[in-house]
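Some notes on the structure that comes next.
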2 protein chains.
Amino acid sequence: MTEGFGRTVRVVVCDDEQLLREALSRLVDVAPDLTVVGLAGNGAEALEAVARHSPDVVLMDIRMPVLDGIEATRRIVRGHPRTRILILTTYDLDSYVYAALQAGASGFLLKDAPSERLRDGIRIVAAGNSVLAPEATARMIEALRPDLPDEADRVLLTAITNLTGREREVFDLVATGLSNQQIAERLTISRYTVKVHVSSMLAKLGLPDRIQAVLALSRLRPHL
Amino acid sequence: MTEGFGRTVRVVVCDDEQLLREALSRLVDVAPDLTVVGLAGNGAEALEAVARHSPDVVLMDIRMPVLDGIEATRRIVRGHPRTRILILTTYDLDSYVYAALQAGASGFLLKDAPSERLRDGIRIVAAGNSVLAPEATARMIEALRPDLPDEADRVLLTAITNLTGREREVFDLVATGLSNQQIAERLTISRYTVKVHVSSMLAKLGLPDRIQAVLALSRLRPHL
DNA sequence: GGCGCACTAGTGCCCGGGCACTAGGCAGGT
DNA sequence: ACCTGCCTAGTGCCCGGGCACTAGTGCGCC
């Protein structure tokens, strides 16, 4: 329901293969709510087309002569922030996905996608949202899923729950790089007391020194 | 092209509202390559339906009586790893998305999605890939995009490029928590020499001690 | 050749970190 | 009333970290 009641989405198609350009153009135009307003054969032409038509969405290939799709995306996003870029490429490389999104693209689809998925993707990015190729989505989810901590870190996690309130506070402050003196001031207690907490904290966690505590927290942060 | 030439995808629909269950069922069945083989009114019934029909995909609501969709997902994934779960919910909460994916769901869509997007989502997860609601995709991409380093960290990044080869080596080893002695053994040089490298490294980076080096590298790792 | 730079090794000095140990106050449970 | 656990404060001790300074070697560049 998010889409469908806006005015028609105006699209520029950018690909260096003329045949594909025309084919894509027809695939887009069969949808009554989508209309192709311009074509481009490379990134530079895409910039001109965007300047001329101010489209809602640019369907952008990556590998193109003169100016590639990534750099074109970067420039369009900078100069025309209301125009969204949907990358459409043959190659499902993580580096492509990453570079495209980094450049400001709103979506990334593969050319072997069903045409309805392409049209839906255009509607999605036109609405200000994002779309990814299913393969890329799967890998991205995999990457987001924090990998399970190893045995040693699992022991650490349970040990952390056994810390007293003060020890836990001190642990967090130590892990942010504060000295005992700084922690003392933060907690308005004496540095001697801080040393006590640090020592018992390290002992309970089985860590040799505060540096290992810093590393431990940075490793375990996703799991806390 | 990834989809379309497999045999029909067998689907179980799980939702506690009977009306919606039937409506979804019809929406799925209009596609010739999709067929609903079972219905369930809560997570427990979903487990039974999966055991009986071994479906390719379960369309799963989250908020349900008896057994919620997240827990049901966890159990199905464990017991029937070939059955994929596509979460379908009304609420676009990050915590839902995260919990669902953590539980092993292959996809997460919203109930206000166009029905063709739902059908496409089923095909995607049946093919072993993943699909996310466009809103969730946008937020996930935002989360993945490493936020730009602040001014101080940008200075650090350039300073790091000015380190000599040895200093850079030492920097990396320091940042993994090694002591000067351990670094010396690793590089087969004396600990006095290590101290020299550490000192000049810290000076060039403007850091007061090795702990800040540890923290700096953990902050900047995505940018290196 | 001479200069600069990186890498090496060492000494001396100070400080902060970590440990052992003592000790008082305060809460909660038997 | 007693004990236990937590938080507090302090002392003494040792060690590793960081800095200043000296100094030899090798490499590349002018």
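Just so it is clear: chains get the letters A, B, ... in the order the sequence lines come, proteins before strands, and each one is counted from 1. Only this structure's heavy atoms are used, side chains among them; waters, hydrogens and symmetry mates stay out.
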Over how many whole Å does the gap from A/Ile211 atom CD1 to D/dG17 atom C1' extend? 9 Å
Can you tell which of D/dC7, C/dG18, C/dG12 lies closest to the side chain of A/Thr164? D/dC7
B/Arg139/B/Asp94 ion pair, N-O < 4.0 Å: yes
For B/Asn180 and D/dG16, is the shortest distance between a side-chain N/O and OP1 or OP2 below 4.0 Å? no
Write down the distance between CD (B/Gln212) and C1' (D/dG18), rounded to a whole number of angstrom. 14 Å
Atom-to-atom span, CE of A/Met201 to P of C/dG17 - whole angstrom: 12 Å
Distance below 4.0 Å between B/Thr193 side-chain N/O and C/dA9 OP1 or OP2: yes
Between C1' of C/dC7 and CG of B/Leu187, the distance in whole Å: 12 Å
Salt-bridge criterion met for A/Asp172 and A/Arg168 (N-O under 4.0 Å): yes
Between CZ of A/Arg210 and P of D/dG17 the distance, given in whole Å, is 14 Å
Could A/Asp153 and A/Arg219 be called an ion pair, given the rule that one side-chain N must be under 4.0 Å from one carboxylate O? yes
Grab the CZ-P distance between A/Arg166 and C/dA27 for me, whole Å please. 15 Å
Without decimals, in angstroms, what is the distance between A/Lys195 NZ and D/dC15 P? 15 Å
Taking all heavy atoms of A/Ala105 and all of A/Ile87, pick out the closest pair and write down the distance. CB-CG1, 3.7 Å
Using a heavy-atom cut-off of 4.0 Å across all strands, would you classify A/Val198 as base, sugar-phosphate, or nothing? sugar-phosphate
For C/dT8, does either OP1 or OP2 sit under 4.0 Å from a side-chain N or O belonging to B/Ser190? no
Using whole Å, report how far CD of A/Glu167 lies from P of D/dC6. 7 Å
Quick check: on DNA chain D, is the nucleotide nearest B/Leu202 upstream (toward 5') of the one nearest B/Val196, or the reverse? Name the residue that is more 5'. B/Leu202
Salt bridge present between A/Lys111 and A/Asp61 (N-O < 4.0 angstrom): yes
Consider the side chain of B/Ile189, meaning its heavy atoms from C-beta on, and name the nucleotide among C/dA9, C/dG18, D/dG18 that approaches it most closely. C/dA9
Residue-phosphate contact under 4.0 Å: A/His197 side-chain N/O, D/dT8 OP1/OP2: yes
